[in-house]
Number of protein chains: 4
Amino acid sequence: MQAPPEAKPRWERRKDARPQELLAAALGQFVERGFAATRLEDVARRAGVSKGTLYLYFENKEELFKAVVREHIVHAIGAAEQTVAEFEGHSGELLRAILMRWWDQIGATELAGITKLMMAEANNFPDLAQFYNVEVIERGNRLISSVLVRGIARGDFRPHDTDVMTSVLTAPVLMLMMWTHSFLPCDMSAVDPQAYMEAFIGMALNGLLPPDAPAA
Amino acid sequence: MQAPPEAKPRWERRKDARPQELLAAALGQFVERGFAATRLEDVARRAGVSKGTLYLYFENKEELFKAVVREHIVHAIGAAEQTVAEFEGHSGELLRAILMRWWDQIGATELAGITKLMMAEANNFPDLAQFYNVEVIERGNRLISSVLVRGIARGDFRPHDTDVMTSVLTAPVLMLMMWTHSFLPCDMSAVDPQAYMEAFIGMALNGLLPPDAPAA
Amino acid sequence: MQAPPEAKPRWERRKDARPQELLAAALGQFVERGFAATRLEDVARRAGVSKGTLYLYFENKEELFKAVVREHIVHAIGAAEQTVAEFEGHSGELLRAILMRWWDQIGATELAGITKLMMAEANNFPDLAQFYNVEVIERGNRLISSVLVRGIARGDFRPHDTDVMTSVLTAPVLMLMMWTHSFLPCDMSAVDPQAYMEAFIGMALNGLLPPDAPAA
Amino acid sequence: MQAPPEAKPRWERRKDARPQELLAAALGQFVERGFAATRLEDVARRAGVSKGTLYLYFENKEELFKAVVREHIVHAIGAAEQTVAEFEGHSGELLRAILMRWWDQIGATELAGITKLMMAEANNFPDLAQFYNVEVIERGNRLISSVLVRGIARGDFRPHDTDVMTSVLTAPVLMLMMWTHSFLPCDMSAVDPQAYMEAFIGMALNGLLPPDAPAA
DNA sequence: AATGAATGAGGTTTCATTCAT
DNA sequence: AATGAATGAAACCTCATTCAT
């Protein structure tokens, strides 16, 4: 009776939207400051909630970080796995799609900051490192690897050591991510990431084709 | 009987050796933990002194870090500048020497951890970033650049945009440093850094020669 | 049986009362120990809270001190200004009221310790000195001065240099404050501050009257 | 043989001069900063010696301070006692001499800073307070008192409570010292200390004369 | 579900004092 | 007699986490 029904409540039920907002805020803060230097208070303020609210959704800072990684990176890997499982064409085409999506969805976004952050701080947070290795690195490598195996099996690629080749293929992408997200003003403006990715993938695919295949 | 004559004194005076020991301890700690996460107490313990002793030699944490950088990295750049100034042979040979020394004296040592650290934490410590940019990055780039200019002037290299080329030349080395000093177990064991450097430099030099020169 | 139901909680929420309690504790500690020698931990303990709590309400030690001064002294000056603005009677009466209130509300209370503290430590804390000069000394002097100007304008006082007279009027009060709050056991017990104030004001007012006025 | 005899030695034997230099440096520093805020390192630097040297002459900071007080203030009291003991004229003349000397030798010099310092910090250093009370305040009061007693005994002064009168006589001098050495910019420039002292002493002596004496 | 006041361990820095040289 | 390197006990301040409301 006192308050009209449409009176703005002190806080708003967001229900399922809430966690997403918290994760978005956390991502931004982690990328800007790194893991250790990120203050939960800033994450909360950025999400427009109170510090305590974070703890309703995430056990602690590490779990919040893991959730960010799961939400954005692990999820993307899952989608890529799906693509691989369903794909029916030439493995070279598939590999190109996977690598380009990696760049577009992660490398070219603020998510690349997570990669940088992990390289920098993993030493100080062994639990996080363990988690990231299992959930991201190993799983990601497995994904690339599986495409290579598929390619060899189908005769799309010439036979090779797929584990080594996985490293060879991931390294440039990781490096480009570090590069574009580092403060270091090493005039990378000279290089267009998109062009770099195109060149790199073209070269790689060419090198993977069987000896008798026509150049891609 | 009570006190053995060689009872160790409460502390030992080290005089001139001290600063070096402190810097060595600090370097180790910074590389292992990063700047923010390094506790001065750990640096002190590692050097076998008390916390207060650090402050006899360095004004504060930032100055300690700067001293580490000056002692090891800036100093090395200075030596390289000397080499460039005195060198009399072909610029390709000089460039090779400079790049290999960079790798051998910094990239392949724990000093590469400083580079990694700066990429990771510069955002959080603007003063440090400023210092590092002026003392290391700009000065280092100027050094490489000067070799290229020299090469063009002498006809050792074909004409090119030396600033862009400086980026092109530094990028792979920086990346290799990041790579080999990152926790990320991206099976880089497959690649021998030395071989990588050789290959990279060989390629670069070839590309820099004037059109009519015999392949290196 | 194990835990009595009325077990006291780890901490108690005080909400709006808190700042006042903290300021009271801080005032007590500052007056007892001085600014530099006051440890925030003691202030906290005195207020029955933890060290960290202080920082929820005050940015740092200096801000805490300023808040104490504002809360008690600046506030009192404001009230006095109000009185002056609204007063309608003889300026001598007004001056007497202002000076007596100064003594009663500040000089005779522990707040006099703040005055003593500022005299002692201003040299070591330039920011504090600056603040105190602007917020207390200049403003207080302006207040007295305005009463004198009003008195001259209304013909209540004979013409005189109001700035000099302001000094003449404030000096004895400040001195009495120092005196009664100093440890120095210079048998001031012989003098009753109240009587001293009365005598001083009586004399001052007499001296300020216009030549032809009947002695007060 | 190696070093010519007149080679400047690493340090110079000053023998008895040393302590005086240290005390002078300490006095300056104590007056500028206060007791707690004075760093022994600054005292040492000011005296041109090392920190350790201070401890050869003074057990610790408190003893150093006591020595300063003894050297300058207690010593002056002793000289004044001597004067009183030997004086043969009218007690009014003697009292005037004693008070003026107090002002000239202490009040008008940086030594007045010691008085200010004691008022401000005695609470925090009970041992110092105790020392100062016994050696300076009580002894100083006894000195004044003795002059009053002598005056009454000789019929130079009318009978009165000499302890109370001692307070009455010392208060204005102490206040003037505080005043002139405080940062508080309470335009005391309007008052010339010398004139103030003259006026005060004149008034006091007049009040002390026996009823039938001719005005001084 | 949400808040935000409260906590307290942990980090950097200062400085009186000690002691090997 | 003199030095000055070394110590270590505080002091200020931060922030992840808890919990009464």
Side-chain angles (χ1 to χ4, degrees), chain A residues 9-15 18 36-44 48-62 64, chain B residues 9-19 36-44 47-62 64, chain C residues 9-19 36-44 47-62 64, chain D residues 9-15 18 36-44 48-62 64:
Chain A
R10 229 172 95 233
W11 39 264
E12 200 178 345
R13 275 304 314 280
R14 290 303 194 74
K15 253 196 143 174
R18 217 357 96 68
T38 284
R39 303 182 315 144
L40 291 191
E41 179 147 19
D42 290 341
V43 173
V49 304
S50 75
K51 234 184 326 180
T53 300
L54 282 174
Y55 283 85
L56 293 178
Y57 293 92
F58 309 98
E59 218 172 305
N60 54 36
K61 199 181 183 182
E62 292 214 349
L64 173 60
Chain B
R10 209 147 64 86
W11 45 264
E12 195 184 348
R13 175 175 233 156
R14 300 305 296 283
K15 243 189 150 175
D16 303 332
R18 256 298 132 70
T38 285
R39 301 181 308 141
L40 291 190
E41 180 146 22
D42 290 341
V43 173
V49 303
S50 75
K51 238 182 328 179
T53 299
L54 281 174
Y55 285 86
L56 293 179
Y57 295 92
F58 308 100
E59 227 171 287
N60 55 37
K61 198 180 182 181
E62 291 214 350
L64 173 60
Chain C
R10 209 146 64 87
W11 45 263
E12 195 183 350
R13 173 176 236 154
R14 299 305 296 281
K15 242 183 153 189
D16 302 332
R18 256 301 132 68
T38 285
R39 300 181 312 141
L40 291 191
E41 182 147 19
D42 290 341
V43 173
V49 302
S50 75
K51 234 181 333 177
T53 299
L54 280 174
Y55 286 88
L56 293 178
Y57 294 91
F58 308 99
E59 228 170 287
N60 53 38
K61 199 181 182 181
E62 291 215 351
L64 174 60
Chain D
R10 228 172 96 232
W11 38 264
E12 200 179 345
R13 276 301 316 278
R14 292 302 195 74
K15 252 192 140 172
R18 213 2 93 67
T38 285
R39 304 183 315 144
L40 291 191
E41 179 147 19
D42 290 342
V43 173
V49 303
S50 76
K51 234 187 323 181
T53 300
L54 281 174
Y55 284 83
L56 293 177
Y57 294 91
F58 309 98
E59 218 172 306
N60 55 36
K61 199 181 182 181
E62 292 214 350
L64 173 60

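- Environment of CD in C:E59: sparse, with no more than 12 heavy atoms of neighbouring residues, nucleotides or ligands closer than 6.0 Å.
- Rounded to an integer number of Å, the gap from CG of B:L40 to C1' of F:dT7 is 16 Å.
- What you find for B:E41 and B:K51 is that their closest heavy atoms are CA-CG, 3.9 Å.
- Protein atom CZ of B:R39 is 14 Å distant from nucleotide atom P of E:dT13, rounded to whole Å.
- Residue D:N60 places its side chain closer to E:dT17 than to any other of E:dA16, E:dT17, F:dT7.
- Between C:Y57 and C:L64 there is no side-chain heavy-atom pair separated by less than 4.5 Å.
- Minimum atom distance to the side chain of C:K61 is reached by F:dC13, of the listed F:dA16, E:dA6, F:dC13.
- When all heavy atoms of B:N60 and B:Y55 are compared, the pair lying nearest together is CA-CE2, 4.0 Å.
- Whole-Å rounding puts the D:E41 CD to F:dG4 C1' distance at 9 Å.
- Put simply, CZ on D:F58 is 16 Å from C1' on E:dT17, counting in whole angstrom units.
- To the nearest 0.5 Å, atom CZ of residue B:F58 and atom OG1 of residue B:T53 are 11.5 Å apart.
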Side chain to side chain contact (heavy atoms under 4.5 Å, CB included) evaluation trace for B:L56 with B:R18: CA-CA 10 Å; B:L56 293 179; B:R18 256 298 132 70; over 6 Å; no
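- Nucleic acid contact class of D:L56 (heavy atoms, under 4.0 Å, all strands): base.
- Checking E:dT13, F:dT7, E:dA2 against every side-chain atom of A:T53, the shortest atom distance belongs to E:dA2.
- Residue C:T38 is the one, among A:E59 and C:T38, whose nearest nucleotide of DNA chain F lies closer to the 5' end (criterion: closest heavy atom).
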Intra- and inter-strand pairs of DNA chain E in dot-bracket (Watson-Crick or G-U wobble, both distances under 3.5 Å; | for another strand): .||||||||||||||||||||
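- Using a 4.0 Å cut-off, no side-chain N or O of B:Y55 falls inside it from OP1 or OP2 of E:dT14.
- Regarding C:L54, its CG atom lies at a distance of 10 Å from the P atom of E:dT7, rounded to whole Å.
- Donor-acceptor pairing under 3.5 Å, judged by distance alone, is absent between the side chain of B:K51 and the base of E:dG10.
- Position along DNA chain E of the nearest nucleotide to B:E62 versus A:S50 favours A:S50 as the more 5'-ward residue.
- Looking only at distances, a side-chain donor or acceptor of A:K61 sits under 3.5 Å from a matching main-chain atom of A:T38.
- Put simply, B:Y57 has a side-chain N or O that comes within less than 4.0 Å of OP1 or OP2 on F:dA6.
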